Amino acid sequence: MPAEKGDLLAQIQRYRQLVEAYEALDGEIDELVTAARGNTDEMSAADLRRYRQLARQRNELLNDMRQLEQDLDLTDDATSAD
């Protein structure tokens, strides 16, 4: 049982790390969009490349978060079954 509890704690810690990384990337993306007055057409080529890179990384983190949510049974389906 302790090994399972340790694994669960590690998964929860990993999930928290993913959320924090996601939020940090989302903040960087917001800064780029705000600087471009909400329009990616206003971004320089370098900022647009950075925006796309950050968006890809954020999507990867979101996919990892969703997978962990399923592994930890944190999906909305689990809570609506009550």
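What you are looking at is a predicted structure, and each value in this text was computed from that prediction instead of being measured.
With hydrogens and angles left out, the side-chain atoms of Gln67 and Asn63 include no donor and acceptor closer than 3.5 Å. Between Arg50 and Gln53, the side chains place a donor N or O and an acceptor N or O closer than 3.5 Å (distance only, hydrogens not considered).
Between Asp64 and Leu68, the closest side-chain pair of non-hydrogen atoms is not below 4.5 Å. A heavy-atom distance below 4.5 Å is not found between the side chains of Arg58 and Glu28. Residues Met43 and Val33 meet the side-chain proximity criterion, which asks for heavy atoms closer than 4.5 Å.
By the 6.0 Å contact criterion, OH on Tyr51 is open, its count of non-hydrogen atoms from other residues, nucleotides or ligands being 12 or less.
Applying the side chain to side chain donor-acceptor pair (under 3.5 Å) criterion to Arg14, with sequence neighbours excluded, gives no partner residue.
Scanning both residues, Leu72 and Gln11, for their nearest heavy atoms gives CD2-OE1, 3.4 Å. Contact detail for Met65 and Tyr15: the closest heavy-atom pair is O-CE1, 3.6 Å.
Put simply, CD on Glu23 and CG on Leu18 are 11.0 Å apart, with the number rounded to the nearest 0.5 Å. Note that CG of Asn59 is 11.0 Å distant from CG of Leu54, once rounded to the nearest 0.5 Å. The structure places CG of Leu61 at 10.5 Å from CG of Asp26, a figure rounded to the nearest 0.5 Å. How far CD1 of Ile29 is from OG1 of Thr34: 11.5 Å, rounded to the nearest 0.5 Å.
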Tell me, with the steps shown, if Arg66 and Glu69 meet side chain to side chain contact (heavy atoms under 4.5 Å, CB included).
-> CA-CA 5 Å; Arg66 287 181 177 159; Glu69 286 170 0; 4.2 Å; yes

